[in-house]
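Take a look at the structure set out below.
Residues: numbered from 1 along the sequence shown.
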Amino acid sequence: MDIDTTYKDSSLVIYITVNTMHMRNYASQKTTKYSLTFESKTYKNLYTVLHNMVGYNQLKFIIPTTRSYRQNDIITFTLVDHLHNRIYQDIKSCVSLPSPTKLPLITCSYISDYNTIPELRAFIAFHRVQNVSMIVFYQSTPIKGFKEAFGKLMESGYLTVVDYTWPRPNTQSPLQCTNQQAQMNSCFNRFRFVADAILFCDVDEYIYSRQFPFHLPDASQYLIKKYSGNDAFTVINEKLTNY
C-alpha cells in the first residue's frame, strides 16, 4: 500500500495505491469499495472506475478541514476494504504541501537489480542534457553500489528515489511485472502537484525531439498547447520492415 497526502485548498487529498499484482489471487482483489475514517468521520473512496485497474486498486479521498497543516505533519487514519472485510488501523501518512511553482518536466521510472549502474548513469545523463527538471526512480529491490554511485545526485535533489519494495509470493510472475502498474499510478499521484508534466518510461527508453533537440520540457509544453484537449500522450515505437 502506497499513500500520498497533500494539503491543498483547505483539504487533505489522500491518494492510496493498493498493489495486488504480486499476489497469486490478484484478480479477486479488485475493488473500489473502500472507506477511510479520520478524526471520527468516515469518507468514501472517490475513484469508482474499476475496469482500468489491473493489478492494483487506486483510491482517492478528500477531507475538508479547518486546520492548517505544515510540511511533513503526520496524520493517522483507518482504511476499510468492505469487499474483503479488511480493516487497516492506525495508518500513518506524511503531509506534503504543493510548491507554488511547478517543475516543467520530470521523469519517473521503475528500477530493480535487473538494471545496472552504467545503464542508470546513461539514463540520467541523457535527461540532464535534455533539461529535464528531476529524475524519479521507484526502486523495487536493493541495487549494489547504488548509493555510492548516486548519493550526491540524491543530496542535490535532482534524483529522487522512492522505496518501492514489496513481498513477492507469486514467483511465477517476473519481477518487472509484479508492481509496475501500481508504481506508475503511485508516481502520478505523488508528483502530480510537483510538475507540469511527467514522463513515464523505462530506463532503456529515450525520447528525442527533432524540433526541440536539447529541451524535452519545451517539447512537452508544445504538445500541451497544440493538443489542449488531451492530458496524456503515448509514444509508440513501431518496427519498420523493408520489403
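- Residues forming a side-chain hydrogen bond (donor to acceptor under 3.5 Å, both in side chains) with Thr42 (at least two apart in sequence, or on another chain): Thr37.
- Considering only heavy atoms from C-beta on, Ser109 comes within 4.5 Å of Cys201 through its side chain.
- With ring centers used as reference points, Phe123 lies under 6.0 Å from His127.
- The disulfide bond (SG atoms under 2.5 Å apart) pairs that include a residue from residues 2-71 number zero, where partners must be two or more places apart or lie in different chains.
- Looking at Leu79 and Leu59, their side chains come closer than 4.5 Å, going by heavy atoms from C-beta outward.
- For Phe200, there are no ring pair (Phe, Tyr, Trp, His ring centres under 6.0 Å) partners at least two apart in sequence or on another chain.
- Residue Asp231 places its CG atom among 12 or fewer non-hydrogen atoms of other residues, nucleotides or ligands, all under 6.0 Å distant.
- Here the CG-OG1 distance, from Asp163 to Thr141, works out to 10.5 Å after rounding to the nearest 0.5 Å.
- Taking CE of Met21 as the start and CD of Gln180 as the end, the distance is 10.0 Å to the nearest 0.5 Å.
- Linking ILVMFWY side-chain heavy atoms closer than 4.5 Å, directly or via other members, places Phe126 and Ile135 in a single hydrophobic cluster.
- Nearest heavy atoms, Arg210 versus Pro213: O-CD, 3.6 Å.
- Partner Tyr110 forms a side-chain hydrogen bond (donor to acceptor under 3.5 Å, both in side chains) with one of Asp202, Asn115, Asn179 and no other, that one being Asn179.
- Applying the side-chain contact (heavy atoms from CB on, under 4.5 Å) rule to Lys92 yields the partners Ile74, Thr76; only residues at least two apart in sequence or on another chain are considered.
- In this structure, Phe77 CZ and Ile14 CD1 are separated by 5.0 Å, a value rounded to the nearest 0.5 Å.
- Checked against salt bridge (Lys or Arg N to Asp or Glu O under 4.0 Å), Asp2 has the following partners two or more places apart in sequence or in another chain: Arg190.
- The ring pair (Phe, Tyr, Trp, His ring centres under 6.0 Å) check on Tyr47 picks up nothing, with sequence neighbours excluded.
- Put simply, the side chain of Asn131 gets close to the backbone of Phe214: a donor and an acceptor are under 3.5 Å apart.
- Within the structure, disulfide bond (SG atoms under 2.5 Å apart) contacts touching residues 92-123 (residues at least two apart or in different chains) are Cys108-Cys187.
- Looking at every heavy atom in both residues, Ala182 comes nearest to Thr17 through O-CG2, 3.6 Å.
- For Tyr69, the ring pair (Phe, Tyr, Trp, His ring centres under 6.0 Å) test picks out Tyr7, with sequence neighbours left out.
- Taking CG of Leu199 as the reference point, atom CD of Gln130 lies at 10.5 Å (rounded to 0.5 Å).
- Residues Ile124 and Tyr158 meet the side-chain proximity criterion, which asks for heavy atoms closer than 4.5 Å.
- In this structure, the ring of Phe61 has its center no less than 6.0 angstrom from the ring center of Tyr43.
- Legend: residues meeting ring pair (Phe, Tyr, Trp, His ring centres under 6.0 Å) with Tyr138, ordered by chain and number and at least two apart, are Tyr164.
- Listed by first and then second residue, the side chain to side chain donor-acceptor pair (under 3.5 Å) pairs involving residues 81-90 are Gln29-Arg86, Ser35-His82, Asp81-His84 (not counting sequence neighbours).
- Note that the OG atom of Ser93 and the OH atom of Tyr15 stand 13.0 Å from one another [nearest 0.5 Å].
- Under the 4.5 Å side-chain criterion, counting only non-hydrogen atoms from C-beta, Ile16 is not in contact with Ile91.
- One distance of note links CZ of Phe193 with NZ of Lys102; it measures 7.0 Å at 0.5 Å rounding.
- Remark: Lys44 engages no residue in a side-chain contact (heavy atoms from CB on, under 4.5 Å) (not counting sequence neighbours).
- Contact of the Asp113 side chain with the Lys144 side chain is not registered, since no non-hydrogen atoms from C-beta on lie closer than 4.5 Å.
- For Asn45 (side chain) and Thr32 (main-chain N/O), a donor-acceptor pair under 3.5 Å exists by modelled atom type.
- Met53 and Phe188 fall into different hydrophobic clusters, where Ile, Leu, Val, Met, Phe, Trp and Tyr are joined by side-chain heavy atoms under 4.5 Å apart, directly or via other members.
- Taking Lys30 as the reference, Leu50, Asn57 meet the side-chain contact (heavy atoms from CB on, under 4.5 Å) condition, with sequence neighbours excluded.
- Nearest approach of Asn189 to Asp4, heavy atoms of both residues: O-OD2, 3.4 Å.
- Enclosure of atom OH in Tyr222 is not indicated, since only 12 or fewer non-hydrogen atoms of other residues, nucleotides or ligands lie within 6.0 angstrom.
- Using a 4.5 Å heavy-atom threshold, the side chains of Phe38 and Thr65 count as separate.
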